[in-house]
Structure formats: C-alpha cells, structure tokens
Amino acid sequence: MATPVRILVVDDDPEMRGLLAEELRREGWQVREAGDGAEAVLACRGTQFDVILMDKNMPGPSGLDLLPGFRRTCPGSRIIMMTAFGDVPSYVEAAEKGAVDFLFKPFRIDDMKAAIRKALGLQPAPPA
Amino acid sequence: MKHLTTRLVLLVMLAFLVITGAFDYVRLARERDRLVTVAATDQRVFAETLALAVRRNVRRGRTTEELQELLEEIRQRPGLVWAAIYDPKGEVVAAATAWDAPAPPPADHTVTLALERREPRSGLAEESGGKVLRHIQPFRWPDGRTAAVEVRQRLDAVEREFAHAVRERIVYRLVVLVLFVLAILAVTRWSIARPMRALTQGARAVASGDLSQRIDVRRADELGQLAEEFNRMAQSLEQAQQALLEQSEARLRLERDVQQAQKLVAVGMLAAEVAHEIGTPLNVISGRAEALARGIPADDPERRHLDVISSQTERITAIVRDLLDYARPRRPHFRAEQPGPILARVTDLLAGRRRDKGVGIRLELPPEEVQVLADADHLQQVFVNLLTNALDASPPGGTVRVTHGPEPLLPPEGRASVLRGKADTPLVAIHVLDEGKGMGEEELAQAFQPFFSTKRRGHGTGLGLPIVEEIVRAHRGEVEILSVADRGTEVIVRLPVLDPQAREPADGTAAEAPPPERPAREA
C-alpha cells in the first residue's frame, strides 16, 4: 500500500485510548490519539484520516454531537462510533448522522480491527 | 307518620262531631217539642174529661166532699202535681194533690183570665220541683157562671223519654263514630301509612349508603309519583356513585402504572449508567487479556488464566445487559393522538395532589384538531412528570398554568434555559409553568441528568426529566426548560403535529434540516 492508513482514536479514557492505539499500530497503521472533542477537531484540521474511531461518551460535546461537524470538515473520513453496550438509541442516532459502524464496549480487539478493515474496504485479515 | 294519621283522624272526628252534633241537636230539640206536645194533648184531654165529670156531678147537686172524693180517685195519675176545681169566684172547691206537692193556691191571673173569657188555657208554670205543665179547662157552673178545673202535671215522663232519646242517639253516634274512625284508620293505613313507611325505609337505606334500594309503591297517586321520583333519584345517585368509583379506580390504576413505569425506568437508567461506566474498563481488561493471549500458545496451561479473564468480563457484561433488557421500556406504539384529552386526564389525576396547600391548576387545552403521532401512555408519562414537578415546586396558594402556544410565558429578562432534542415543524408547544423559586443555570444544566433532583431526599427519583427527554426525543420533539429566579420554572414540550394542511415548510425549517449528504468516499 503506497500511503499508510491513518486512524484517529478519540476517547477520554487514556487506558482505553492507549490499548486501541497500540493494537492498531501493531497492524502497521498510523494512529493519532485525541482525549476529547476539541483535540479531535484540531487533529482533523492537519491530517486527512481514513477512519475516526470515536467514543460517544466524553466530557464536553459527545461523540454524537461531534459527528455532523466531522462529516462536514473531513468528508473523507469513515467514522466508527463506540459506546456502552445496550445504548441502542445512540446507535440509531449515529447511523442517521452518518457513522459507518458501531462498536459496543466491551468489544473484542479482533472485532474492532475487522470493523476498521470493513470501513476501509479491505479484505478481512488472515487468521493470526 | 303516626302523628299524621292521628291528626287526620282527629280532624275527621271533629268534623264528624260538629256536623252530626248540630244535626242531632236540632233533631232532639224537635223530639222534645213533640214529647211536650203529646204530654200537653194528653193533659188537655184528661182535663176536659175531668171538667165534664165535675160538671155532671155539680149539676146533680153533689157536695164538696163528694167532689173531693171524685178527685181523690185521680191522685194516682202518674206525674200529677195537683188537680183543683175553682168555683166561679176563683176559690178552690176541691183538690187532689200528690203526696209531696203543696196545696193548690187560689186562682191566679191565668185562671181568672180563663174564667172571664170562658176559654181553656194551657202552658208552663213554676213549681217547687221545677217546670210543670198546666191546663185550665173552664166549664159551666149550675148557676150559669163559669168554673174551671186546673190540672198540673210534672214533665217527668217527657224528661225521662227525652233523656232516653238522647242516650240512644249518643250510643248510636258513638257506634257510628267508632266505625267511621276504624274505616279512616284502615284507609289511611293502606293508602298513606304503608307507602309512607316504605318511603321512609327507602330514604333511610339510601341515607345509610345503600343506593341500590328501590321502593315498591305502584300507585297512580301523589305517593306513587313520590316513590317513582325517589327511585329515579336513587338510581341517579347510584349511577353517580358508580361513575365516581370507576373514576377513582381508573385514577388509582393510572397512578400505579405511572409508579411502576417510573420504577422500571429507574432500574433501566441505573443499568444504562452502570453500562456506560463499566464499558470502558471492561474493554481495557478484555483487550489487554486478548493482547496477552496472542503471545501464548493455545495449549499452554498459562493461557487458561487469560481465557478466564475474557469469559468473566463477558459474564459481567451479560449481567448488566440482562438488567438493561429487563428494564427496557416497551416499544412505543405510535398513533394519531390528541394531546388535549391526555393533558385533561393527567390534570384531573393530579389536581388533588397539592389541593391541601391550596395549589390550583389553570388549564388551557390545545384545540381538538391538534394531533400528534404519539404513544398515549408515554405522552401521559411526560405530562404526569412535568405536572408533578410543577405542583411540588409550587408554594402554598400558588397556581400551575398548563397552556399552549408558540411563545414562552416567562419574560426573557433574567431567564435561564436548557433545550433537549429538536422538534420537526409544524409543532404544538405545551407549557407547564409553576410559581416556584426557579432554577439557576447550574441546576438547569443538570436537570436532565438521571438521578439529579432538587427535591428533598426521598421525594424525587431524579428521573422525571430524563424520562421526559427520552420520550420527547422518541416522539421527534424537544423539551425546553426556562426559569426565572423567584418567579418560576416553565417547561415547554414541543411535538410535531400531524396536520397535512399546515405542512408548508417555514423559513427556518429547511435550514435546520440535516443536509442530504451521500457517503463521502468510495472505497
């Protein structure tokens, strides 16, 4: 692949963010981290991300609130939302606002990678 | 009732006595006259006979002694006081006197008159024993002059007979009166006392709460009408009571449903909150375990520890998910509903909540043609929550206003506000305004957070407004809270209305609608 895949991880929990970033980097993807909506917006200005992996529940504007803005400022980014399990209304709202996929925490790392591959239009990874 | 019958009987008796008394009085007076006349006639005949006998005897030259003997023979005549023979000079020649009577006096004025005019006279006279009947019969004395016989007779027989007649009449009247009274008693008992007793018993039963009581009086008269009216009244009362009962039962049921729903929602919100809070740490744990597991072959005994960590995080997830599923509100059934009647029902339900503190509700319902696509139960829950909050926030004597219209009731000066959701237009806005002390910016910001409550501990779950928000959002509406310190709080629920005619897009509408964007990039 000529250009590396760029992924933005937005989550206010540093442990979670760290875990996700580590795992994604293992796949050879370029990862940027953002702790809240403002950081995410800033990061988005400089770089065109292929995928934005964003938590719904964050202090300040929630992932759902940020969604329409990202859709406008970086129309090329595929957005995958993360939220607590059972939060079906958010799922519906996120889908309406243009998220391409949704992950209910806790999810398996492999499931997350599969979702990203799907969003990128890649073939599923070969079994490890 | 006894009094009524007694009074009636007494009245009828009095009337009876007056009428028959007058009648009997006249009759008895006439009877007495008749008796006196008969006695007088009898006496006259006797006096005439005696006069004839005396005249014959005198003409035959009988002596005074012989005349006296003649008279002695009539002394035994019943009722006789005395009989006397007056010579033409008016002197008593001979006399027969009852044993207890005084001797006859010399001729009085009446005798003299009879002697002068030679005509008989009769009438009443006073004797020591009372009134007596007298008759003077003149006859020719041998010398051609006029003499007379006078007979005086007591009225004993007449009085006796009259008394007898009176007694007879009284007995007769008494018998008639008794029969009459009995007849009246029977009639009143049958036609008044009995139906009256039935009415009284019925009224007593109704008064003591037995509204099923009916009176069986089938008559065409006034009492029958009264009974019929009474039955109708009892029926109306029974129906009204039934309606009240049903109403209060419906109210209880509604209250129970609302409470139950609230409880369930509380569990659901708590579970959702827990899910939100534990989702991330669980993910970190399971993710790290997954990462570790990659470096350990599947057949390594150490691998088991990581598998246990993974399965146990899944188990925690399952527990909270079960709780979420249990408390998940049922899916709304959307139908065309009129918010007006739902509001009216809820107001009716809650009107009594603070009535003891004099808190009133002023209700202006949206017009009937306003229809929204809604789940009636959920909408009802919204109104119950808002009205409960408003009533609880009201000071004693305050008024809660429930109304509709585009503009807020609170003035913009010093007004804090918070808005949730986004309503499609055209919409109907329902306002619930209290006269409480209001909320500041900080409190307002937290108002929609689950378990946040400004009410005293144990008086609020802190779920009322979150539920309102959830339901209003599900109805594609919005909810706004406006508050002015010391003036009150106003909650506005805006719901899109079902009105094809009014569906012309207003200016603001198109700009607010989400831009119709297609997916940005092809893969």
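None of these values were measured; they are calculated from a predicted model. Lettering follows sequence order; numbering is per chain, from 1. Reckoned from all heavy atoms, side chains included, excluding hydrogens, waters and symmetry mates.
Contacts between residues 302-312 of chain B and chain A, counted as heavy-atom pairs separated by less than 4.5 Å, involve no residue at all.
The backbone N or O of A/K105 sits nowhere less than 3.5 Å from a side-chain atom of B/N283 that would complete a donor-acceptor pair.
Neither the backbone nor the side chain of B/E277 comes within contact range of chain A, judged by heavy atoms closer than 4.5 Å. For B/T317, the parts lying near chain A are the backbone and the side chain together; criterion is any non-hydrogen pair under 4.5 Å. B/A291 touches chain A through backbone and side chain together, each having a heavy atom under 4.5 Å away. Using a 4.5 Å cut-off between heavy atoms, A/R26 contacts chain B through its side chain alone, with no backbone atom that close. Contacts between A/E23 and chain B at a heavy-atom distance below 4.5 Å involve the side chain alone, from C-beta outward.
Within 6.0 Å of atom CZ in B/R476, 12 or fewer heavy atoms from other residues, nucleotides or ligands are found, so the atom counts as exposed in its surroundings. A 6.0 Å sphere centred on NZ of A/K97 holds more than 12 heavy atoms belonging to other residues, nucleotides or ligands. Open room surrounds CZ on B/R335; 12 or fewer heavy atoms of other groups in view lie less than 6.0 Å from it.
Partners of A/F102 by ring pair (Phe, Tyr, Trp, His ring centres under 6.0 Å), not counting sequence neighbours, listed by chain and number: A/Y91, A/F104.
A salt bridge links A/E22 with B/R288; the closest basic N to acidic carboxylate O contact falls under 4.0 Å.
With rounding to the nearest 0.5 angstrom, the CE atom of A/M16 is 11.5 Å from the CD1 atom of B/I285.
At least one side-chain heavy atom of B/E290 sits under 4.5 Å from a side-chain heavy atom of A/D110. Residues B/H276 and A/K56 are in side-chain contact: their nearest non-hydrogen atoms beyond the backbone lie under 4.5 Å apart.
Contact count against chain B (heavy-atom pairs under 4.5 Å) is highest for A/R108 among A/E15, A/R108, A/M112.
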